[in-house]
Amino acid sequence: MTRSEPADYNEANAQAWGMCMTDRYDFRVIEPKWQARWEAESTFRADDESDRPRYYVLEMFPYPSGAGLSVGHCKNYAPADAYCRYKSMKGFEVLHPMGWDAFGQPAENEAIKRRRHPREMVPEYAANYRRTLKLIGASYDWSREINSSEPEYYRWTQWFFLLLYKRGLAYRATAPINWCPTCKTGLANEEVKEGRCWRCDTPVTKRPLPQWYFRITAYAERLLAGIESLDWPTGIKLQQREWIGRSEGADVDFPIIGDPRKIRVFTTRPDTLWGATFMVLAPEHPLVNDLTTPEHRANVDDYIQRAMSATEIERMSVDRPKTGVFTGAYARNPVNGEAIPIWIADYVLMGYGTGAIMAVPAHDQRDFEFARKYGIPIELVYTMVGGPQDGDSMAQALPDGGYMRDFTPKPEALTPKSPFAGRANSVETVREVIAWLEEHGVGEGRVNYRLRDWLISRQRYWGAPIPIVHCPSCGEVPVPEGDLPVLLPDVDEYQPSGTGESPLATIPEFVNTPCPSCGQPARRETDTMGGFACSSWYFLRFADPHNSEAFADRAKIDAWLPVDMYTGGAEHAVMHLLYARFWTMGMHDAGLVGFDEPFPRLRSQGAMLAYTPGRAPRIDEQSDSDEDGDQIVDWIPLKPEEIATFPPDQIIWRWARMSKSKGNVVSPDAVVEKFGADSLRVFEMFVAPFEDNVRWNDEGVAGSLRFLQRLWRWMAPRIPQVRAEAPQTSSGAAETDADRAIRRKLHQTIRKVTDDIEGFRFNTAIAAIMELVNDLYLWSPTDVSGSHAERPANPGLLREIVTCLTLMVAPFAPHLADELWERLGHSGSTYRAAWPNWDPAIAADEEITIVVQVNGKLRDRLSVPPDTDDDHVKERALASAKVAEATAGKTVRKIVYVPGRLVNIVVG
RNA sequence: GCCCUGGUAGUCCAAUCGGCAGAGACAAGCGACUUAAAAUCGCUCCGGUGUGGGUUCGAAUCCCACCCAGGGCACCA
C-alpha cells in the first residue's frame with residue numbers, strides 16, 4: 001500500500017548527477033527506447049523454422065478486465081518473462097505467446113454493467129492489457145496474439161466439441177444441475193465451492209434441466225495415473241487426486257421383498273455386509289416412488305419436497321442431525337437373509353455411487369447416528385477385546401480393527417455358515433469378501449470415482465454456441481464441419497433470462513435453421529459453452545495461431561508442444577488444469593497430438609496482497625452464512641467511494657488479495673512511472689519466492705531501484721574504459737589476490753544465478769547479483785560522480801566482469817541490460833546474446849573454512865586448502881588452543897569429521 | 001472434522017545432504033560528503049529458528065504431541 005512520500009527518485013538522482021547527466025541511470029529514457037526497439041525489430045518473434053532447440057513458456061491467459069492489469073498479475077508475468085529471456089540466452093528458440101480468455105461471464109457481466117457490447121469492449125480492454133505488458137518489458141511474440149471470442153478461434157472450439165461428440169465424449173442429458181440464481185446459469189461441479197458459486201458466492205440450488213456434458217469420467221483413471229509423472233506443485237497434484245477421488249469397493253445387489261427388482265449399492269466395505277441392518281436411498285433415487293407404500297406416501301413425498309428445496313449448503317452441512325423417512329418397503333440382506341427396512345435420507349447423494357447405500361450402523365458413524373435416532377438395530381460385524389460386544393452398549397460406530405464375529409444364519413442366507421468368522425478387519429479380508437461375492441453372484445468388485453462429468457452448457461450469451469441442431473425427425477444433428485463456425489449473433493439484448501433458457505433462444509433468426517441431415521425445419525441448440533472450453537486447447541493455437549485450415553498445423557504442434565513451463569494461479573488447480581488435461585487426452589486418442597499431458601511442468605505464483613480498508617458486517621449481512629457457526633463473514637472491504645465518509649475509527653485494515661472487486665488494486669502504470677519497469681520486475685522477483693504471497697509495499701520497489709542505480713553507477717563509468725582497451729589485453733597482466741578473489745566471486749555468482757533461475761528461485765538469484773555488486777564496490781570503489789573510477793590494472797578482468805554482469809542482470813532488468821550492452825559496443829538485444837558460462841576451476845574456493853566443534857559447540861575455525869587430507873585436518877583441530885581449552889581434563893572419545901565442513905571432537 | 005503448506009531479526013526473506021543460524025533487502029541508528037538537505041558511500045544494531053518432548057557427536061532441517069496462520073476437501077458410502 002502506498003504510505004506517503006511521492007518523492008521523485010529519478011529527479012533526485014538527476015540532481016545528484018549534476019554534470020554527468022548523460023551517464024545517469026534514467027529509466028524514463030532507457031525503458032521506452034528499448035521497448036520501441038524490441039517492437040521495431042520483432043526481437044521476441046518465435047521462429048518456426050529455427051534450428052535452435054525449442055522452449056515453450058506459457059502463462060495462463062487472462063480475461064482482460066476493465067480494471068486493467070495489476071502489480072498482482074506481474075507476480076506471475078515478470079518471473080515468467082525473466083525465465084524466457086534466460087532460456088533464449090541459453091540458446092533456445094523461445095515461444096512466449098499471450099492471448100485473451102475473452103469469452104465467459106466476467107466479460108459478459110462487465111458488459112451488462114457498463115451497457116456496452118462485449119464485442120467492442122473486449123478488444124479495448126485487451127489493448128490496455130497489451131499496453132501494460134509492454135510497459136513492464138514482457139517479451140511476448142505479439143504476432144501470435146489470440147482472442148477466444150473471435151470466430152476464427154471459437155470455430156475450432158466448436159470443432160473440438162464435435163470431435164468429442166463424435167467420439168462419444170459429449171452428450172446431452174437431463175438431470176438436477178447446479179444452478180446459480182445470480183449468474184442465471186448452470187455450473188459444473190468444479191465451479192461450486194462450499195455450496196456456492198465460485199464467481200459470485202451465491203448459494204447454489206438444484207434444478208432439473210437438459211444440459212450438455214463432457215464425459216470426463218471416462219478418463220478418470222488416466223487423469224489420476226498421469227498425475228504421477230507431472231512436475232507440478234505437490235499441493236495441486238494432491239488436489240487433483242482428491243477431486244478425482246478414486247475408491248475401491250464393490251457393487252452389491254439387494255433383492256427387494258415383494259418386487260422382482262434389486263437395489264444396487266456401492267460400498268468400500270463389503271466385508272461389513274453382515275452388519276447391514278437397513279438401506280438408504282437418496283431422495284432422488286428412481287426407485288423411491290415405486291417402493292413407497294401407501295401409508296408412508298405422504299411422509300415420503302413431504303420429505304422429498306423439503307430435500308429438493310434445500311440449498312446445497314443446507315444439504316451438505318455435516319453437523320446437521322441426520323434425517324430420513326421409512327418407505328414402508330424391505331429388502332433382503334443377500335448374505336445373511338435378514339429383511340431390512342428401506343429408508344430415504346438426504347445424507348445419501350444421488351450423484352455418487354448408485355445413489356443408494358447399505359447402512360452398517362456398527363461400523364459407520366453416519367449410519368450409527370441414523371440408526372440410533374430411528375431405533376434401527378445395530379449389528380456388530382467385528383468385535384475387539386475390551387470393546388462393545390453388542391449394539392446396545394455402543395456410543396458411536398466402532399473404529400477399524402478387531403476380528404469378525406460368527407453369525408447364526410437364516411435359512412435365506414447365502415451360505416449355511418458364516419465363511420469369514422475370525423478374520424481380521426483388513427484390506428485383505430475386504431478383497432476376499434469381494435471375490436466371494438462375485439463367486440456367489442451377488443456383487444462384483446468396482447472402482448468408483450468422485451469425479452463427475454463436466455457440465456459444459458451455459459444459459460448465457462457470451463460464449464461459443466454449441467454446434468448442434470435439434471431436428472424433430474433426426475434428433476441431435478452435429479453441424480457439418482464446413483458450416484463452422486456457428487456464429488454468435490450480434491444482438492443488443494443478451495441479458496440472461498433466468499428461465500433456464502439461453503438468451504439465444506429468443507432470437508428466431510439464430511434458432512430456426514434447416515436440419516443439416518434432412519433439410520426439414522429444425523432448431524439450433526441455444527446453450528453456449530462455458531469459458532473453460534476455450535481455455536482447454538488455447539495452448540495449441542499459439543503454435544499456429546493464424547491457421548484457417550486447421551486448429552493448428554501438426555508439424556508446428558510437434559515442434560513446440562507440450563508446454564515446457566506453465567505458470568498460473570493455484571485457483572485453477574482443479575478446473576482449468578483438469579479440463580485441459582482431459583481435452584488433451586481426447587485429442588491424443590483422436591491422433592491429433594503426440595502427447596497426452598499438455599503441461600509437464602507447472603509452477604504456481606503467490607498472490608499479491610494489498611493493505612485494504614474494510615468494516616465489520618452489519619447484522620443483516622451475516623444472515624445467510626452462520627447457521628452452523630462456519631462461513632461467518634467478519635469483514636467486508638470498503639468501496640473506494642465509502643472510505644472518505646466512513647468513520648476512521650471503525651475501519652478495519654487487512655491484507656487482502658488484490659482484486660477489482662475489493663478496490664485495492666495497485667496499477668503497474670503508477671509504479672513504472674515512479675520507479676521504472678525494471679525496478680518493478682526486480683522487486684516482484686526479489687521480495688519472496690515465486691510461490692509465496694506478498695504484501696505490496698512501495699518501499700521495496702524503491703529498494704530495487706536503489707540496487708539498479710548502484711549497479712549502473714558502478715558499470716557506466718567503466719564501460720568507456722572497457723571499450724578503449726583491446727579485447728585481448730588480459731593475458732600478460734599480473735593477477736593480484738583481490739583480482740583473483742573478485743573473479744572467483746564472479747564465476748560463483750554465474751553458477752548460483754544459473755542454478756537459481758533453472759529452479760525458479762529468482763529471489764536468491766537476484767540476491768547473489770546484489771552480493772557481487774557489493775563486492776565490486778569494495779574491489780574497485782566508485783564515488784558519487786563516477787569520476788573516481790580508477791583505471792583498472794587488469795582490463796581483461798574488467799571486461800569479463802562488465803560483460804557477464806550485464807548479461808546476468810538481463811532477465812531481471814532487460815532495459816537496463818540492453819542499454820549497457822549497446823554501450824559496450826554490441827548491436828542488438830541481450831535477448832539473443834549468450835548466457836555466460838562459469839569455469840569450475842575459477843569458481844573453486846582456494847581455502848575452505850572448517851568448523852571445529854567440541855561436543856557440538858563451536859570452538860574454533862580452520863582455514864585449509866580444499867584438498868587437505870582428513871588426518872591433517874583432525875591434527876590441526878586438536879592442535880587448536882581454543883580446542884585444548886575446551887577439552888582440558890577430559891578424554892577424547894570420538895572425532896567426527898565431515899569432509900570440507902567440520903570437525904566435532906566428542907569428549908566426556 | 002479430515003488433508004496439505006508454512007511459522008527463522010522490528011519487517012520481507014536466505015541457510016542445496018542433519019554440520020558456522022545470516023546471504024540479500026526493508027526499516028532504524030551512526031559516520032563521511034554537503035552551507036544545508038536529499039542522494040550517495042561506509043559502518044552499526046537486534047534474534048537463536050512457534051511451544052514441549054524425542055532421535056543424534058551435532059537439529060531451523062528428521063520423529064511425536066500441541067499452538068498459530070494460509071490453502072484445499074467436507075455426509076463420497
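Order of the sequence lines sets the chain letters (A, B, ...), proteins ahead of strands, with each chain counted from 1. Heavy atoms only: backbone and side chains are in, while hydrogens, waters and symmetry mates are out. Source: prediction; values computed, not measured.
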**Study point:** Salt-bridge criterion met for A/Arg751 and A/Asp755 (N-O under 4.0 Å)
**Key:** no
Point to revise | Integer-rounded Å distance: B/G19 P and A/Asn855 CG | key: 19 Å
Check your understanding: Touch check for A/Val694, heavy atoms < 4.0 angstrom, all strands: base, sugar-phosphate only, or nothing?
Key -> nothing
Review point. Contact class for A/Arg901 vs. all strands (heavy atom < 4.0 Å): base, sugar-phosphate, or nothing?
Key: sugar-phosphate
Revision key, fill the gap. Answer for the Watson-Crick or wobble partner of B/C73, both distances under 3.5 Å, is B/G1
**Study point:** Identified pairing partner of B/A14, criterion: Watson-Crick or G-U wobble below 3.5 Å
**Key:** none
Exercise for review: With heavy atoms under 4.0 Å as the rule, sort A/Tyr449 into base, sugar-phosphate or nothing.
Suggested key: nothing
Exercise for review: Classify the angle between the aromatic ring planes of A/His572 and A/His576 as parallel (below 30°), tilted (30 to 60°) or perpendicular (above 60°).
Suggested key: perpendicular
Review point. Base, sugar-phosphate, or nothing for A/Asn904, non-hydrogen atoms under 4.0 angstrom?
Key: base
Review point. Mapping A/Thr234 and A/Lys752 onto RNA chain B by nearest heavy atom, which one lands closer to the 5' end?
Key: A/Thr234
Review point. Contact class for A/Gly700 (heavy atom, under 4.0 Å): base, sugar-phosphate, or nothing?
Key: nothing
Check your understanding: Do side-chain atoms of A/Lys75 reach the backbone of A/Phe690 as a donor and acceptor pair under 3.5 angstrom?
Key -> yes
Check your understanding: Quantified in whole Å, what is the C1' atom distance between nucleotide B/C73 and nucleotide B/A28?
Key -> 45 Å
Review point. How is A/Leu902 classified with respect to the nucleic acid when contacts are heavy atoms under 4.0 Å: base, sugar-phosphate, or nothing?
Key: base
Exercise for review: Record whether the side chain of A/Gln853 comes under 3.5 Å of the base of B/G19 through a donor-acceptor pair of N or O atoms.
Suggested key: yes
Review point. Looking across every strand, which nucleic acid part, if any, lies under 4.0 Å from A/Lys857 by heavy atom: base, sugar-phosphate, or nothing?
Key: nothing
Exercise for review: Could you check which of B/G19, B/A25, B/C12 has an atom nearest any side-chain atom of A/Val687?
Suggested key: B/C12
Check your understanding: For B/A37, what is the paired nucleotide under Watson-Crick or G-U wobble rules, both distances under 3.5 Å?
Key -> none
Practice item. Would you mind reading off the distance between A/Trp696 atom CH2 and B/C12 atom P, rounded to a whole angstrom? Key: 17 Å
Study note, to complete from the structure: note: A/Met575, atom CE; B/G72, atom P; distance rounded to Å ~ 10 Å
Point to revise | Closest listed nucleotide, where the reference is the side chain of A/Glu242 and the choices are B/C3, B/G24, B/A14 | key: B/C3
**Study point:** Minimum-distance nucleotide (side-chain atoms of A/Glu699 versus B/C3, B/C26, B/G24)
**Key:** B/C26
Study note, to complete from the structure: Test ring-ring contact (aromatic ring centres under 6.0 Å, His included), reference A/Phe683, set A/Phe762, A/Trp696, A/Phe707, output is A/Trp696
Exercise for review: Using whole Å, report how far CG of A/Leu878 lies from C1' of B/C57.
Suggested key: 14 Å
**Study point:** Expected output: side-chain A/Ser880 to main-chain A/Lys882 donor-acceptor under 3.5 Å
**Key:** yes
Practice item. Can you tell me, in whole Å, how much space there is between the P of B/U49 and that of B/G7? Key: 14 Å
Check your understanding: Which part of the nucleic acid does A/Asn763 contact within heavy-atom distance under 4.0 Å: base, sugar-phosphate only, or nothing?
Key -> sugar-phosphate
Point to revise | Separation of atom CG in A/Leu238 from atom P in B/C73, rounded to whole Å | key: 11 Å
Practice item. Determine which nucleotide pairs with B/G42, using a 3.5 Å limit on both distances of a Watson-Crick or G-U wobble pair. Key: B/C30
Check your understanding: With a 4.0 Å cut-off on heavy atoms, is A/Arg751 in touch with a base, just the backbone sugar-phosphate, or nothing at all?
Key -> nothing
Review point. Taking the side chain of A/Lys193 as heavy atoms from C-beta outward, which of B/A77, B/C73, B/C57 is closest to it?
Key: B/C73
**Study point:** d(CZ, A/Arg450; P, B/G72) in whole Å
**Key:** 14 Å
Exercise for review: Using the six-membered ring wherever Trp is involved, compare the ring planes of A/Tyr347 and A/Phe370 and label them parallel, tilted or perpendicular (cut-offs 30° and 60°).
Suggested key: tilted
Practice item. For the pair A/His285 (side chain) and A/Met350 (backbone), establish whether a donor and an acceptor sit closer than 3.5 Å, ignoring hydrogens and angles. Key: no
Review point. Looking at A/Glu444 and A/Arg446, does any basic side-chain N land under 4.0 Å from a carboxylate oxygen?
Key: no
Check your understanding: Considering only B/G72, B/A14, B/G42, which nucleotide approaches the side chain of A/Arg710 most closely?
Key -> B/G42
Study note, to complete from the structure: Whole-Å distance, A/Gln239 CD to B/G71 P, equals 12 Å
Point to revise | A/Glu847 CD - B/C20 P separation (whole Å) | key: 19 Å
Study note, to complete from the structure: Assert: residue with more 5' nearest nucleotide on RNA chain B, out of A/Val851 and A/Pro689, is A/Pro689
Check your understanding: Using purine N1 to pyrimidine N3 plus N6-O4 or O6-N4 for Watson-Crick, or N1-O2 and O6-N3 for G-U wobble, each under 3.5 Å, what pairs with B/G6?
Key -> B/C68
Point to revise | Base-pairing assignment for B/U49 (Watson-Crick or G-U wobble, both under 3.5 Å) | key: none
Point to revise | Nearest-nucleotide pick for A/Arg366, side chain only, options being B/C75, B/U40, B/A77 | key: B/C75
Review point. Between B/C76, B/U40, B/C3, which nucleotide has the shortest distance from any of its atoms to the side chain of A/Leu349?
Key: B/C76
Review point. Which listed nucleotide (B/G24, B/A77, B/C75) is nearest to the side chain of A/Ser247?
Key: B/A77
Revision key, fill the gap. Among the nucleotides B/A25, B/C73, B/G19, whichever has the atom closest to the side chain of A/Val898 is B/G19
Revision key, fill the gap. Among B/C73, B/U40, B/C20, the one nearest any side-chain atom of A/Trp243 is B/C73
Exercise for review: Indicate, with a heavy-atom threshold strictly under 4.0 Å, whether A/Asp755 touches base, sugar-phosphate, or nothing.
Suggested key: nothing
Point to revise | B/C17, syn or anti by chi within 90 degrees of zero | key: syn
